[in-house]
Amino acid sequence: MSPVNSDDSSDVAFSGAGGPQTRKEIRAREKLLATQSQSVIPPQAFETGEETAPAAEPRPLPPEVLQPAEAPELPEAAPTVHEEAPAPVHEEPLEVHAHEEVPAPVHEEPLEVHAHEEAPAPVHEEPLEVHAHAVHQYEPHQYVPHPEDEAHPVSDDADAHHPADYPDESSHELMAGAASIHTAKGPSQKVRRRRRFLALVLCLALFVVAVVVGAQFLKPLLGGDTVADYPGPGTDEVTITVPPGAGPKAVAAELEDKMVVANADAFLKEFAASGGALNPGDFTMRQEMKNSDALAVLLNEDHGKVMYIALNAGLRIGESLEGISKGSGVPVPELKALSDSPAQFGVPAQAKNLEGFLAPGEYRFPLGTPAKDILQKLVGTTLDELNSQGVTDPAKQYEAVTVASIVQAEGGQAEYGDVAGAIYNRLKPNNTETNGLIQSDATVTYGLGIKSFHIDEDQKADKSNPYNTYANQGLPVGPIGSPGKTAIDAAAKPKANDYLYWVTINLDTKETKFSKTLAEHNVYVGQYNAWCNANPGRCV
């Protein structure tokens, strides 16, 4: 009987195993064990040399197992008492690393043949294939023959390159685990390029979002959200006053403050491009107007398209009706007839006409607007201003308009509050200094139907003049002109003071002096006379 393997390593693999078995029985048992444990060893690993006669009836093998090998024929081994196969030679499992090439299969030296034994044929087995758990497939490399292989030529069959023995089942599992660990590679170059591209796109998107969000926060600080112009045509009406000598910059600032235009700088550019010039006066506009529309109002460019009416503050009723007629084309008599029936316009019952209620300013009406609608608009502006100052009682409204008309005629705009305060001080009862007399030259001249800053003593003593506040106590019978907004506000809310006298000492600048006593007042009257002497014809 020839031993299958004389290597002592078999004792390590299967300690306490029975006598030797044939190669066919050994291979059949190994294949059976591998099949039961679902080993990853391919069937080709169990191919042997030339088939020998079985000692017992083995399990049928697949056809490929029965293929003959080119090994020399060996005599049939006699069965032993124990039918268990000796353990295969235990070899270290082959470790496959991702970065290393699999070494060429090593052919073992043929078994040493003794004089009384026949040398067993070398067993060639399939090379170990690592399947299951590797992350990436193993890349084959070119086989480089070992120098010792030249002494043992190999057949063209792949079976000739297989190792002689395989490790046991636990070794297979260890090898599979080792392969899964050591053969793991990093991402391929294509995957890395794709990841870098996606990272670049993500960074770019985050940068764009940051720029957009940052711009929204910086936009108000940099003035990027400033509206250059309103869409128009406008909402609520407002009055814009252009004083004599006012510059475009100051007017543009007022227009922006009152929300007539959206941006003063943008309006100034349009104004400079127009080449127009400002005219002093009060202009009625609307909030949120287009720059071009506001400019047309200031430059009176739309006269031919609308009915344009301009009234100065302090005009008497006859002068106001003439101005309305000139702008609207409505005859003065028609306007006077409407004015002499003031109740239809909602004014207090004491009013005999619309004197004092035709608010000064600039107005624009569509062509063909009825005369009554025009007058109603002017009256409504005055009543709205009184109501805004808290004067809602009709009797109080009439009194306030009367005081405001005197303030408008007597003082400069800067002193309106003090003049109104002095008038109410004179009207207080038990005032022995003035005895309830306002003593206004403007009221006397209004009653006389003249315009003058100088009246004589006879005119002052004429009680027949119902507007003579020198001879008649209290307020005159009615307003003496059309007060502007500032004068109405001063009359509605007079400035508290102790003054009883006032006199304008300069008719050009409207400088007014106030006094608490008559003696002090006479000193300021002397200054007024000196100015009149220096400016002949101005005080007559």
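Sequential numbering from 1 along the given sequence is applied to the chain's residues.
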Item checked: Side chain proximity check, Phe365 to Lys377, heavy atoms < 4.5 angstrom -> yes
Margin query: So which atom in Ala262 and which in Asn291 form the shortest heavy-atom distance, rounded to 0.1 Å?
Written below: N-OD1, 4.5 Å
Next item on the list: Could you tell me whether a side-chain N or O of Asp229 sits under 3.5 Å from a main-chain N or O of Ala266, the two making a donor and an acceptor?
Entry: no
Next item on the list: Find the distance between CG (Asn263) and CG (Leu255) and round it off to the nearest 0.5 Å.
Entry: 11.5 Å
Check: Is it true that Lys513 and Glu511 make a salt bridge, defined as a side-chain N closer than 4.0 Å to a carboxylate O?
Finding: yes
Notebook entry, point to check: Pick one: which of Val407, Val403, Ile406 meets side-chain contact (heavy atoms from CB on, under 4.5 Å) with Val419?
Noted result: Val407
Note to self: I'd like to know if Asp489 and Lys485 make a salt bridge, using a cut-off of under 4.0 Å between side-chain N and carboxylate O.
What the structure shows: yes
Check: With no hydrogens and no angle check, is any side-chain donor or acceptor of Thr445 less than 3.5 Å from a backbone partner on Ala442?
Finding: yes
Next item on the list: Output yes when a side-chain donor or acceptor of Tyr528 lies under 3.5 Å from a complementary backbone atom of Leu507, and no otherwise.
Entry: no
Margin query: Using every non-hydrogen atom in the two residues, find where Ile438 and Gly474 come nearest and quote the distance to one decimal.
Written below: CD1-O, 3.6 Å
Check: Sub-3.5 Å donor-acceptor pair from the side chain of Thr512 to the main-chain atoms of Thr504, do we have one?
Finding: no
Checklist line | NZ/NE/NH1/NH2 to OD/OE distance under 4.0 Å, Glu319 and Lys451 | finding: yes
Note to self: Counting only heavy atoms from other residues, nucleotides and ligands, does the tally under 6.0 Å from NZ of Lys326 exceed 12?
What the structure shows: no
Checklist line | Short N-O contact, Lys352 and Asp340, less than 4.0 angstrom | finding: no
Next item on the list: Would you mind reporting whether Val477 and Pro466 have side-chain heavy atoms less than 4.5 Å apart?
Entry: yes
Note to self: How long is the straight-line distance from CG of Leu448 back to CG of Asp441, given to the nearest 0.5 Å?
What the structure shows: 10.5 Å
Note to self: Keeping Gln389 on the side-chain end and Leu386 on the backbone end, is there a donor-acceptor pair under 3.5 Å?
What the structure shows: no
Check: Under a 4.5 Å cut-off applied to non-hydrogen side-chain atoms, are Phe357 and Pro483 in contact?
Finding: no
Item checked: Sidechain N-carboxylate O distance under 4.0 Å for Glu520, Lys516 -> no
Checklist line | Reported OG1-to-CG distance for the pair Thr443 and Leu475, which is rounded to 0.5 angstrom | finding: 10.0 Å
Notebook entry, point to check: Picking from Asn387, Thr392, Thr402, what satisfies side chain to side chain donor-acceptor pair (under 3.5 Å) with Gln397?
Noted result: Asn387
Margin query: Using only atom types and a distance under 3.5 Å, with no angle test, would you say the side chain of Arg286 pairs donor to acceptor with the backbone of Thr235?
Written below: yes
Note to self: Is any side-chain heavy atom of Leu311 closer than 4.5 Å to one of Ser482?
What the structure shows: no
Check: Does a side-chain heavy-atom distance below 4.5 Å link Tyr398 with Pro479?
Finding: yes
Notebook entry, point to check: Which atom pair, heavy atoms only, marks the closest approach of Asn472 to Lys463?
Noted result: ND2-O, 3.5 Å
Margin query: Before you tell me yes or no, could you show the steps for Tyr470 and Ile455 under side-chain contact (heavy atoms from CB on, under 4.5 Å), namely the whole-Å CA-CA distance, both residues' side-chain angles and the distance that decides it to 0.1 Å?
Written below: CA-CA 11 Å; Tyr470 281 93; Ile455 55 176; 4.0 Å; yes
Notebook entry, point to check: Nearest 0.5 Å, what's the CG-CD1 distance between Leu378 and Ile324?
Noted result: 5.0 Å
Note to self: Would Arg426 and Tyr499 count as a cation-pi pair here, with the cationic atom under 6.0 angstrom from the ring centre and within 45° of the axis?
What the structure shows: no
Margin query: Tell me if a side-chain donor or acceptor on Asn468 pairs with a main-chain N or O of Asp462 at a distance below 3.5 Å.
Written below: yes
Margin query: Could you measure the distance from the NZ atom of Lys372 to the OG atom of Ser341? Nearest 0.5 Å is fine.
Written below: 10.0 Å
Next item on the list: Ignoring hydrogens and angles, tell me if any N or O in the side chain of Asn465 forms a donor-acceptor pair with the backbone of Tyr446 under 3.5 Å.
Entry: no
Next item on the list: Report yes if the side chains of Tyr416 and Glu410 come closer than 4.5 Å at any heavy-atom pair, otherwise no.
Entry: no
Check: Hey, is Lys460 close enough to Glu457 for a salt bridge, meaning N to O under 4.0 Å?
Finding: yes
Item checked: Whether Asn535 side chain and Trp531 backbone form a donor-acceptor pair below 3.5 Å -> yes
Check: Closest approach of Pro494 and Gly421, non-hydrogen atoms and distance?
Finding: CB-N, 3.9 Å
Margin query: Side chains of Arg538 and Asp508, heavy atoms from C-beta outward: is any pair under 4.5 Å?
Written below: yes
Check: Shortest non-hydrogen contact from Ser320 to Leu315?
Finding: OG-CB, 3.7 Å
Notebook entry, point to check: Okay, side chain of Gln408, backbone of Gly484: is any donor-acceptor separation there less than 3.5 Å?
Noted result: yes
Check: Between Met307 and Tyr363, is a side-chain contact (heavy atoms from CB on, under 4.5 Å) present by the stated rule, with each step listed?
Finding: CA-CA 8 Å; Met307 299 165 61; Tyr363 299 90; over 6 Å; no
Next item on the list: Walk me through it: do Ser515 and Leu500 pass the test side-chain contact (heavy atoms from CB on, under 4.5 Å)?
Entry: CA-CA 6 Å; Ser515 307; Leu500 295 174; over 6 Å; no
Item checked: Pair Asn497-Asn425, side chain to side chain donor-acceptor pair (under 3.5 Å): steps then yes or no -> CA-CA 8 Å; Asn497 56 50; Asn425 289 339; 3.0 Å; yes
Margin query: Just verifying a value: how many Å separate Asn353 CG and Phe345 CZ, rounded to the nearest 0.5 Å?
Written below: 11.5 Å
Notebook entry, point to check: Trp502 versus Ile423: any side-chain heavy-atom pair under 4.5 Å?
Noted result: yes
Next item on the list: State, to 0.1 Å, how close Val347 and Pro342 come at their nearest heavy-atom pair, and which atoms those are.
Entry: CG2-O, 3.3 Å
Note to self: Lys258 vs Thr239, test: side-chain contact (heavy atoms from CB on, under 4.5 Å). Steps then yes/no.
What the structure shows: CA-CA 9 Å; Lys258 294 187 176 181; Thr239 300; 5.6 Å; no
